[in-house]
Trainee: 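Okay, here's the structure, questions in a sec.
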Amino acid sequence: MWLQRNLRELCMPIRINSVPFTTRISNEMLQPHSHIITTPIFYVNAAPHLGHVYSVLQADVQHRYSMLCGKKTTFSTGTDEHGMKVQQAATVLGSNPYTFCTAVSQQFRTVFDVLGIAYTDFVRSSELRHVQAVSNFWLTLEEKGYIYKGIYRGWYCISDEAFLSEGQTMEKTDPEGNKIRISVESGHQVHWMSEENYMFRLSSLRPLVLRWLQSEPLRPFHFHRVVHQWLEDELPDLSVSRHRNRLAWGIPVPSDPSHVIYVWLDALVNYLTAAGYSEPHFVPWGPSTHVLGKDILRFHAIYWPAFLLAAGLPPPRALLVHSHWTCGGVKMSKSLHNVVDPIECMKRYTRDGLRYFLLRNGAPERDCDFNHFAVHTLLNSELADSLGGLLNRCAAQAINPKQHFPHYHPASVPSSAYDQLQNLLGSLLELPTVVHHWVESFHVNKALEAIDARVRDTNAFFQSQAPWKLVKGDEKDVAWGNSVLYLTLEAMRLYGTLLQPAVPGLAKAILDRLGVSPVHRTLKDGHFFNAVLGLNCFFQGQSLGPDIGLLFPRLEKIL
Ligand SMILES: Nc1ncnc2c1ncn2[C@@H]1O[C@H](COP(=O)(O)OP(=O)(O)OP(=O)(O)O)[C@@H](O)[C@H]1O
């Protein structure tokens with residue numbers, strides 16, 4: 001009775017960090033929206049590093065989390081293969097651009113596969129379907145009167161493939177003592193450009209882009225303010241082609257092959273390519289969620305919605321923006337050669353170890369420095385000791401000789417355990433909603449932090465109730481000992497379910513060890529803590545799966 005009454009109270013809406021949550025799994029979480037999740041296509045001027053892997057990993061979590069909620073999502077990534085930087089990199093190697101791109105694109109694909117990225121489409125911007133999509137998109141913009149021929153005079157940054165106003169550049173003295181101009185944002189050198197090319201009427205779209213921004217598509221919200229500020233500054237029309245004499249490696253303007261299409265217009269359309277834009281019966285695309293680094297915010301938050309609105313297509317539903325991984329405080333970057341190799345990291349920490357570290361330590365609104373000591377400390381503490389330790393303790397042969405989910409006995413709860421049990425259950429019942437809130441707001445780090453905190457609480461509960469002693473006691477003690485085991489196994493089942501998007505391999509190992517069938521691994525079909533809630537719980541009495549040994553062996557000290 002006590003527990004039933006208190007659980008009713010526990011199911012009331014509660015507030016955490018002043019964010020209102022309703023407990024348990026709400027219908028809103030399980031709406032079967034169908035939408036597309038994307039990463040930017042990655043520029044193939046050199047092999048992938050940890051920063052790229054982080055971007056694609058964040059998108060992978062969004063995709064896998066949508067599936068966990070029973071939603072239909074597609075997830076596209078790929079490689080951006082046109083432009084001056086690729087042309088130059090291929091020339092240096094004496095290769096032709098396409099051969100060069102094929103090799104580097106394959107490197108990206110291999111890293112993503114090894115990392116377990118569950119993309120449903122991989123777009124190469126050199127593919128025919130993409131070339132067709134870009135050509136069709138250009139023709140639509142032209143038909144709707146958004147393209148005209150004009151003279152572009154201004155600064156251009158080859159490294160960022162970006163046009164910059166005077167105010168976005170500054171003067172600097174290079175190490176040889178020469179005065180050069182650089183981009184304020186990226187620090188890369190800019191050059192003066194004056195040439196006739198095709199222009200896009202970006203300035204006329206400012207009101208529509210501002211209206212779209214009112215729907216607050218940017219997460220975290222901090223980036224909304226940044227974009228709003230940009231839109232208040234001058235917004236000149238955008239040069240969207242280069243003369244073929246200067247850049248040959250690109251998609252030709254359909255009506256004028258002496259020009260190639262601006263690489264960012266080309267690259268952004270990959271999202272439409274993945275949605276089938278070049279197919280004859282393209283159905284206007286549904287809600288789109290783009291994951292991107294803050295360095296390419298302007299292209300995604302101003303140019304991309306403007307292009308879409310001009311073409312009569314819906315602008316993105318959400319832009320999930322992350323910050324950068326740094327090495328010694330400097331952005332990890334191909335051109336600076338200060339990169340960390342993701343394959344080496346996976347050899348050292350395992351695939352899920354690396355996934356967990358990046359997702360748990362990377363924060364969307366601030367840069368994060370990579371160092372091996374931090375990886376060791378985190379993985380040993382949270383995966384090996386805390387999560388792995390808890391699984392071992394509640395599933396161990398010695399304490400659970402029948403190797404099953406014992407029955408829960410409501411009447412067995414001793415009064416000395418009321419408060420701890422009530423607090424633990426309260427936080428466990430609300431955990432799916434807490435995780436949902438953080439994943440939706442693009443704070444996967446905080447979702448993992450919340451799970452880790454509950455794992456620690458469960459360990460503390462297990463330690464203080466000492467079921468290994470209870471199961472050897474009298475009938476009442478045995479009933480409570482079994483209830484403690486049931487609660488801990490259920491908590492573990494909840495963690496295994498919620499961890500699937502972030503660390504699919506470890507989560508699978510947990511759920512396999514608990515004997516959870518594949519159909520009960522979604523949020524909808526989890527039915528967590530039913531026995532405590534007075535509902536039918538078919539996990540009671542069910543056998544555990546085979547022993548898996550250590551979930552995550554402790555890492556040796558770094559020498
Ligand atoms: N250090 C990083 N941390 C997080 N994400 C990154 C990092 N570097 C790149 N990315 C992500 O990958 C995308 C593509 O990056 P890009 O190819 O420009 O990498 P880069 O190493 O900075 O290259 P370059 O040195 O040639 O400018 C970025 O827009 C961003 O989303």
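Whatever order the structure lists ligands and atoms in, that order sets their numbers, starting from 1. Numbering of residues begins at 1 and proceeds along the displayed sequence. Since this is a predicted model, take the numbers as computed values, not measurements.
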Trainee: Could you check ligand 1 for N or O atoms lying under 3.5 Å from protein N or O atoms and list the pairs with distances?
Mentor:
from: ligand 1; atom 1: 1 (N); to: W325; atom 2: O; distance (Å): 3.0
from: ligand 1; atom 1: 1 (N); to: M332; atom 2: O; distance (Å): 2.9
from: ligand 1; atom 1: 3 (N); to: W325; atom 2: N; distance (Å): 2.9
from: ligand 1; atom 1: 5 (N); to: G51; atom 2: O; distance (Å): 3.2
from: ligand 1; atom 1: 17 (O); to: H52; atom 2: NE2; distance (Å): 3.4
from: ligand 1; atom 1: 17 (O); to: K334; atom 2: NZ; distance (Å): 2.6
from: ligand 1; atom 1: 19 (O); to: H52; atom 2: NE2; distance (Å): 3.2
from: ligand 1; atom 1: 21 (O); to: H49; atom 2: NE2; distance (Å): 2.7
from: ligand 1; atom 1: 21 (O); to: K334; atom 2: N; distance (Å): 2.6
from: ligand 1; atom 1: 22 (O); to: K331; atom 2: NZ; distance (Å): 2.5
from: ligand 1; atom 1: 22 (O); to: S333; atom 2: OG; distance (Å): 3.4
from: ligand 1; atom 1: 25 (O); to: S333; atom 2: OG; distance (Å): 2.5
from: ligand 1; atom 1: 25 (O); to: K334; atom 2: N; distance (Å): 3.3
from: ligand 1; atom 1: 25 (O); to: S335; atom 2: N; distance (Å): 2.8
from: ligand 1; atom 1: 25 (O); to: S335; atom 2: OG; distance (Å): 2.5
from: ligand 1; atom 1: 26 (O); to: N45; atom 2: ND2; distance (Å): 3.3
from: ligand 1; atom 1: 26 (O); to: K85; atom 2: NZ; distance (Å): 3.4
from: ligand 1; atom 1: 29 (O); to: D295; atom 2: OD1; distance (Å): 3.3
from: ligand 1; atom 1: 29 (O); to: D295; atom 2: OD2; distance (Å): 3.0
from: ligand 1; atom 1: 31 (O); to: G293; atom 2: N; distance (Å): 3.0

Trainee: With salt bridge (charged side-chain N to carboxylate O under 4.0 Å, His left out) as the rule and sequence neighbours excluded, what pairs involving residues 52-61 come up?
Mentor: D60-R64, D60-R355
Trainee: Run the salt-bridge test on R129 and D121 with the 4.0 Å N-O cut-off and return the result as yes or no.
Mentor: yes
Trainee: Can you find a pair of side-chain heavy atoms, one from V375 and one from F370, that are under 4.5 Å apart?
Mentor: yes
Trainee: Roughly how far, to the nearest 0.5 Å, is CG of N197 from OG of S239?
Mentor: 3.5 Å
Trainee: Does S194 have any side-chain hydrogen bond (donor to acceptor under 3.5 Å, both in side chains) partners at least two apart in sequence or in another chain, and if so, which?
Mentor: none
Trainee: Which residues pass the side-chain hydrogen bond (donor to acceptor under 3.5 Å, both in side chains) test with D113, sequence neighbours left out?
Mentor: Y119
